[in-house]
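These numbers were taken from a predicted model, which means no experiment stands behind them.
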Amino acid sequence: MISGIYSSLSALFSFQKKMESTANNIANADTDGFKKTRVLMEEQVPQGVKPVVDRVEVAGPTVMEETAEGRVPVEQSNVDLFEELPEMGLTQRLFEANIKAMKTQEEMKDSVLDLKA
């Protein structure tokens, strides 16, 4: 049962990193030239997952801005809020599911200990 708790803990840490990445992307959605990040889950040996932060190098949209030298192209952020907001909601639900799994494992452990007593 300890292995199950360890797996849930590693998932909680990974989803925390994922939430931090998504929040950072949303906060910088209006920053010119900002490149969003993605968190991928990588299998950890012997069990669990590990977060891997990957920067997405896809160019954002380019707009023309007026400067002292005239009109120049400026690359905007490649963050899409219609992608980030649902991702944040999904990450929250996955985080909650892992907390529920940990609580269930704790209850199972207590039941086994009660049977032994």
Provide the closest heavy-atom pair for E84 versus N25 in the form atom of the first, atom of the second, distance. OE1-ND2, 3.4 Å
Heavy-atom closest pair (M102 atom, S8 atom, distance to 0.1 Å) is CG-CB, 3.2 Å
Side chain to side chain donor-acceptor pair (under 3.5 Å) between S21 and T37, intermediate numbers included: CA-CA 6 Å; S21 170; T37 58; 2.6 Å; yes
May I ask you to say whether K103 pairs ionically with E106, meaning some side-chain N is under 4.0 Å from a carboxylate O? no
Exam field: side chain T67 to backbone G70, donor-acceptor pair closer than 3.5 Å: yes
Mark yes or no for whether E75, through its side chain, and G60, through its backbone, hold a donor-acceptor pair below 3.5 Å. yes
Single-linkage hydrophobic cluster, 4.5 Å side-chain cutoff, V49 and F15 together: yes
F95 and L40: same hydrophobic cluster, using ILVMFWY side-chain contacts below 4.5 Å? no
Can you give me the closest heavy-atom contact between G48 and S10, atom names plus distance? CA-OG, 3.2 Å
Salt bridge E57-K36, side-chain N to carboxylate O under 4.0 Å: no
For the CD atom of E65 and the CD atom of Q76, what is their distance to the nearest 0.5 Å? 7.5 Å
Which salt bridge (Lys or Arg N to Asp or Glu O under 4.0 Å) pairs, counting each pair once, include a residue from residues 20-30, with sequence neighbours left out? K17-E20
Please determine whether the number of non-hydrogen atoms from other residues, nucleotides or ligands lying under 6.0 Å from atom CD of E43 exceeds 12. no
Are M88 and F13 connected in a single hydrophobic cluster, I mean Ile/Leu/Val/Met/Phe/Trp/Tyr linked by side-chain heavy atoms less than 4.5 Å apart? no
Is it possible for you to say whether L85 and L90 belong to one hydrophobic cluster, with membership spreading through side-chain heavy-atom contacts below 4.5 Å? no
Got a sec, which residues hit side chain to side chain donor-acceptor pair (under 3.5 Å) with Q44, two or more places apart in sequence or on another chain? none
Salt bridge check: are K18 and E87 linked by an N-O gap of less than 4.0 Å? yes
Considering all heavy atoms, the nearest P51-S14 contact: CD-OG, 3.3 Å
F34 with V53, same ILVMFWY side-chain cluster at under 4.5 Å: no
Would you compute the distance between atom CG of D80 and atom CD1 of I26 and round it to the nearest 0.5 angstrom? 10.5 Å
Which atom pair, heavy atoms only, marks the closest approach of K35 to V56? CB-O, 3.5 Å
May I ask you to decide if A59's main-chain N or O and N78's side chain share a donor-acceptor pair within less than 3.5 Å? no
Might you point out which heavy atoms bring N98 and L12 nearest each other, and give the distance in Å? CB-CD2, 3.7 Å
Run the side chain to side chain contact (heavy atoms under 4.5 Å, CB included) test on M64 and V72 for me, step by step, so that the C-alpha distance in whole Å, both residues' side-chain angles and the decisive distance to 0.1 Å come before the verdict. CA-CA 5 Å; M64 300 300 285; V72 296; 5.8 Å; no
